[in-house]
Amino acid sequence: MNVKKTALIVFSAITLNGINLMITMIVNIGVLGVTLTSRSAFPLLSTVQSIQFAGFLERLDVFFMLALITGGFFKIGLFFYATVLGLSHVFKLKNPSPLVFPIALVVLFYSLSIAQNYFEHVYEGLKIIPFTLHLPFQIVIPALLLVIAFLRNRKKVQSAPVKIPQKIRSISISLLDLIS
């Protein structure tokens with residue numbers, strides 16, 4: 001895939017997500033106010049619950065929760081699919097099907113054991129996960145891989161003979177003839 005096209009797609013997605021979050025927060029603050037928005041665990045749910053239109057369009061929180069659960073399902077499904085394909089690529093398996101059940105068991109075990117409630121989940125996500133997962137996987141391991149790649153490429157560059165093209169070689173020989 002073209003690098004410029006990929007960069008444009010990634011930049012556009014990040015920009016549109018930022019605009020979407022900004023509009024959502026403006027609506028939340030406009031409807032609920034700053035204090036209720038900052039104290040609410042799900043401010044958009046509180047905003048949707050307060051919608052009353054023409055006396056019959058109420059209780060839209062059911063549709064919001066349905067959309068939230070559906071979006072979560074697809075997000076988890078996509079991450080699960082990427083994990084199965086990635087591990088099948090790492091282990092060089094032609095058929096990724098044998099990995100589905102073991103990975104599903106790991107996901108199930110972790111989902112039941114990591115946090116008992118929402119507030120514990122938020123605490124772990126803000127206080128524990130940045131040091132145990134983000135720091136190693138986003139800084140330490142990439143830096144280590146960069147150093148390893150640099151050292152490997154340095155050995156290849158030193159051992160490879162330098163090839164001078166014929167045209168440059170003939171020009172340098174003629175210049176040496178002129179000097180002597």
Side-chain angles (χ1 to χ4, degrees), residues 1-90 96 99-147:
M1 185 177 231
N2 188 357
V3 176
K4 288 184 180 181
K5 187 176 181 182
T6 304
L8 178 67
I9 291 171
V10 168
F11 182 73
S12 300
I14 291 172
T15 303
L16 289 175
N17 260 340
I19 291 170
N20 187 20
L21 287 173
M22 183 180 64
I23 291 171
T24 302
M25 286 309 294
I26 289 170
V27 168
N28 286 340
I29 292 171
V31 171
L32 301 175
V34 176
T35 56
L36 191 57
T37 301
S38 63
R39 287 185 299 158
S40 177
F42 299 103
L44 188 58
L45 179 60
S46 301
T47 302
V48 170
Q49 285 175 341
S50 65
I51 293 176
Q52 294 178 356
F53 183 72
F56 71 92
L57 193 57
E58 297 177 359
R59 305 286 302 168
L60 296 177
D61 52 336
V62 174
F63 297 110
F64 172 77
M65 290 305 294
L66 185 65
L68 192 68
I69 291 170
T70 305
F73 174 77
F74 281 109
K75 178 181 173 183
I76 292 169
L78 185 66
F79 283 155
F80 185 78
Y81 180 70
T83 302
V84 169
L85 283 184
L87 285 177
S88 70
H89 182 72
V90 166
L99 293 176
V100 172
F101 189 69
I103 293 172
L105 284 178
V106 169
V107 169
L108 177 66
F109 172 73
Y110 276 131
S111 69
L112 293 175
S113 66
I114 286 179
Q116 299 301 320
N117 56 36
Y118 175 73
F119 298 106
E120 187 179 330
H121 173 74
V122 170
Y123 172 78
E124 288 181 5
L126 294 175
K127 302 291 183 190
I128 297 171
I129 297 298
F131 298 108
T132 59
L133 287 178
H134 297 169
L135 187 67
F137 284 112
Q138 293 178 1
I139 296 173
V140 175
I141 293 173
L144 186 64
L145 291 175
L146 184 64
V147 169

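Throughout, numbering of the chain's residues begins at 1 and tracks the sequence.
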Report yes or no: does Thr37 contribute a side-chain atom to a donor-acceptor pair with the main-chain N or O of Asn28 at less than 3.5 Å?
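At least one qualifying donor-acceptor pair exists.
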Give a yes or no answer on whether the side chain of Thr70 reaches the backbone of Ala67 with a donor-acceptor pair at less than 3.5 Å.
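Judged by distance alone, no pair lies under 3.5 Å.
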With rounding to the nearest 0.5 angstrom, report the [atom1] to [atom2] distance, [X] to [Y].
X: Leu135; Y: Ile141; atom1: CG; atom2: CD1; answer: 10.0 Å
X: Leu126; Y: His121; atom1: CG; atom2: NE2; answer: 9.0 Å
X: Met22; Y: Ile26; atom1: CE; atom2: CD1; answer: 5.0 Å
X: Thr47; Y: Ile29; atom1: OG1; atom2: CD1; answer: 10.0 Å
X: Phe73; Y: Leu78; atom1: CZ; atom2: CG; answer: 11.5 Å
X: Gln49; Y: Leu44; atom1: CD; atom2: CG; answer: 10.0 Å

I'd like to check Arg59 versus Asp61 (side-chain heavy atoms, cut-off strictly below 4.5 Å). Are they in contact?
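Contact flag for Arg59/Asp61 side chains = yes.
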4.5 Å side-chain heavy-atom contact, Ser46 and Leu36:
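With C-beta onward as the side chain, the pair stays apart.
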Minimum heavy-atom separation for [X] to [Y], with atom names?
X: Leu87; Y: Ile103; value: CD1-CD1, 3.6 Å
X: Ser88; Y: Leu99; value: N-CD1, 3.5 Å
X: Phe64; Y: Leu45; value: CD2-CD1, 3.4 Å
X: Val100; Y: Phe80; value: O-CZ, 3.5 Å
X: Glu120; Y: Ile114; value: OE2-O, 3.7 Å
X: Pro136; Y: Phe131; value: CD-O, 3.5 Å

I want to know whether Phe42 and Tyr118 have ring centres closer than 6.0 Å.
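Yes, close enough.
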Near Phe79 CZ, under 6.0 Å, is it more than 12 heavy atoms from other residues, nucleotides or ligands?
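No, CZ of Phe79 has 12 or fewer neighbouring heavy atoms, counting only those of other groups under 6.0 Å.
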side-chain contact (heavy atoms from CB on, under 4.5 Å) partners for His134, two or more places apart
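Listed in chain order: Ile129, Pro130, Gln138.
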